[in-house]
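This one's a predicted model, so the numbers in the text were calculated from it and none came from an experiment. Below, read A as the first sequence line, B as the second, and so on, with proteins coming before strands; counting in each chain starts at 1.
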Amino acid sequence: MSRADAQDDRAGESALTAPDPGVVMDPGVVAGPGVVAGPSVVAGQGAVRSPSPLWSLGLFRSELLTTFRRWRTLALLAVLAAVPILVGIAVKIETGDGSSLGGGGGGAGGPAFISQISNNGLFLVFTALAATLPFFLPMAIGVVAGDAIAGESSAGTLRYLLVAPAGRSRLLLTKYATVITFCLAATLVVAVSALAVGALLFPVGDLITISGTRITYAEGLGRALLIALVVAASLVGIAALGLFVSTLTGSGIAAMATTVGLLITVQILDQIPQLDALQPYFFSHYWLSFADVMREPVYWDDLVKNLGLQALYAAVFGSAAWARFTTKDITA
Amino acid sequence: MAEASATEPKRPGREPDRGERADDAVIATRGLTKRYRGGQLAVDGLDLTVPAGSVFGFLGPNGSGKTTTIRMLMGLIEPTSGSARVLGRPMPRASRTVLPRVGALIEGPALYGFLSGRDNLLRYDAADPTADPRTRRERVAAALDRVGLAAAGGKKAKAYSLGMKQRLGLAAALLQPRRLLVLDEPTNGLDPQGMREIRTLVRELASDGTTVFLSSHLLDEIEQVCTHAAVMAQGRLITQGAVADLAAGARGRLVVTTPDAGEAARVLKEQGAADVVVDGERVTSEPPERDLAEVNAALVAARVRVRGFVLERASLEDAFVALTGEGFDVAG
């Protein structure tokens, strides 16, 4: 091992040269023999930089890189990208003889976009988002959010991040920002994959809104982007919930399983008529309201309710996660 | 690491007896206590003082509260009562100003297996608000080089051996010039060559003025590198002080190897040696007050055929046994 010294590095010299031990700045000599070599000298050499205000962005960047280089994250995104391909091919086979798609459209409460795909490939975007929003998308978010703190904790890396020191509040905020970024990325992966598959397999052009009016393809693309953003925002609630669960346990797997379990439970409860007094408070209750973007004019009521509900979940579970994480003993 | 520096003479000004005052201490705890939920008392009223510039050995059997103490010092665990000051500032309150100047290896290394060794260090460095992003790559390269991982820096961490992981953990502690290094069992999993390198590194760092706080259950490891030591057992501090003083508490023994054991024992008693023990061809005793050359001459004059005549220095283990009256076993 070379004895490259941190001091040399600070002086800008190549760290790879093996310095003669005598060259190493001798604190005792520099400070004079009477002065105790030690903290006073070290304080001089290791004058601590004051943190840059942009430092949090550096941590955020590191967090993003770490998350998106994980094989699991890429696998989740690949599954999400595959859904529009499967739906597109299924519709293509079904309508291959020139007939339009028969049957009851989008199913339970969902928008009836699927029957329109063979007329206009852009509808595959709406169909794919409607198909993935109830389960695939939130499950992927649940996995990433549940793993955010608990995964670091079970790997032991959490203690090293905290003694670095990342700061508990900042680390939590960075984690949440990363999960939100993943929500956006996941939604866009579905939308872009659907857009490409739709354009490849089906004709594109002007389209007809739910209200029956005709809009141009360009405007349709704008609506599609808006829908993707609304869908991504719909996932903010489960992301906060997952992050909170993640601060409760030291096991990444347990946090992921709990979050996905909660997701399924709430989806089931949302179908039980006797609970209709509670249902407006379920994070998934207004999810399919994104179809209202395709009305002319856009029908905002349920969209606003959805976004408000997501903000409420983010505030409540974000605070809970913060309260838990900033006071927790890190023993793993 | 070059082994040459191991024989480097101690610098003046780093005499172990200095800095016993609490305000000069790098670590000072007062009545530090941690009781875990469930009532288990892990650390009980700890008054620990680590003088600046020392290499401080923190000894104790497994389960004696060493790691809990270290976690409290690093702000990972909130003490139940008592206070801890690190670099003169209260912990965990001053984490953000104290921890950038502290490098730590706590309970073994923790790495992101899917990242390369280099990327692991980049991530830990990004978590430090005081680390300059512009010098990050150079500092990471220097740290890898310093622990002998320069060639393996691009390999995925999950492919590392235990010893390599340990080295990478050490590299993370050396990313910046530090005033205090906390190394919890740093030689775990290392081969003898690796252990020697770590000892050399510790001496090297200490000679640069860094205080090193080294926890271990290996007595001879502590004895070889430390200027000071503290001993814990069952959550309590048994003793602390300069290693020389601790070892002086237990006196060395005179060992005579001879085929004429009986006669040798008689002569030794005659010469004023107490506690003479005969064990086959080995006769040991407390060294008499007079010049040992005279003792040897007396043996030869009595026609005792002396094969070996050695004054065995008291080891820290002897000191430990003398202090606690017990062996070095895991607390039940």
Any chance you could measure Leu161(A), atom CG, to Tyr124(B), atom OH, to the nearest 0.5 Å?
6.0 Å
Atom CD1 in Ile106(B), atom CD1 in Ile330(A): separation rounded to 0.5 Å?
11.0 Å
Max heavy-atom pair count under 4.5 Å with chain B, selected residue of Gly156(A), Gly58(A), Ala164(A):
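Most heavy-atom pairs under 4.5 Å with chain B: Ala164(A).
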Does a sphere of radius 6.0 Å around CG in Leu86(A) hold more than 12 heavy atoms from other residues, nucleotides or ligands, not counting ones at 6.0 Å or beyond?
yes
Inspect the surroundings of CZ in Arg118(B) and state if more than 12 heavy atoms from other residues, nucleotides or ligands are less than 6.0 Å away.
no
Can you say whether Arg168(A) sits under 4.5 Å from chain B via the side chain, the backbone, both, or neither, judging by heavy atoms?
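The side chain, not the backbone.
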Non-hydrogen atoms of chain B under 4.5 Å away: do they reach the side chain of Glu152(A), the backbone, both or neither?
side chain
Let me know if Asp119(B) has heavy atoms under 4.5 Å from chain A in its side chain, its backbone, both or neither.
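For Asp119(B), the side chain is the part near chain A, not the backbone.
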If I measure from the heavy atoms of chain A, does Leu87(B) come under 4.5 Å with its side chain, its backbone, both, or neither?
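Nothing of Leu87(B), per the 4.5 Å heavy-atom cut-off to chain A.
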Nearest non-hydrogen partners of [X] and [Y], listed with the distance:
{"X": "Ser95(B)", "Y": "Pro165(A)", "answer": "O-CG, 3.9 Å"}
{"X": "Thr66(A)", "Y": "Phe114(B)", "answer": "O-CE1, 3.4 Å"}
{"X": "Ala110(B)", "Y": "Ala155(A)", "answer": "CB-O, 3.3 Å"}
{"X": "Thr331(A)", "Y": "Glu107(B)", "answer": "O-OE1, 4.4 Å"}

Taking the side chain as every heavy atom from C-beta outward, state whether [X] and [Y] have any pair of such atoms under 4.5 Å apart.
{"X": "Ser62(A)", "Y": "Leu122(B)", "value": "no"}
{"X": "Leu76(B)", "Y": "Val163(A)", "value": "yes"}
{"X": "Arg69(A)", "Y": "Leu115(B)", "value": "yes"}

Among Gly103(B), Ala104(B), Ala127(B), Ala126(B), which has the most heavy-atom pairs under 4.5 Å with chain A?
Ala127(B)
With chain A, the option among Gly113(B), Ala172(B), Gly108(B) that has the most non-hydrogen atom pairs under 4.5 Å is Gly108(B)
Less than 4.0 Å between a side-chain N and a carboxylate O, is that true for Lys328(A) and Glu78(B)?
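Result for this pair is no, no salt bridge flagged.
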Output yes when Asp329(A) and Arg71(B) qualify as a salt bridge under the 4.0 Å nitrogen-oxygen rule, no when they do not.
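Looking at Arg71(B) together with Asp329(A), the answer is no, because their closest N to O distance does not fall below 4.0 Å.
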Using only non-hydrogen atoms and a strict under-4.5 angstrom cutoff, which residues of residues 174-186 of chain A touch chain B?
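Result: Lys175(A).
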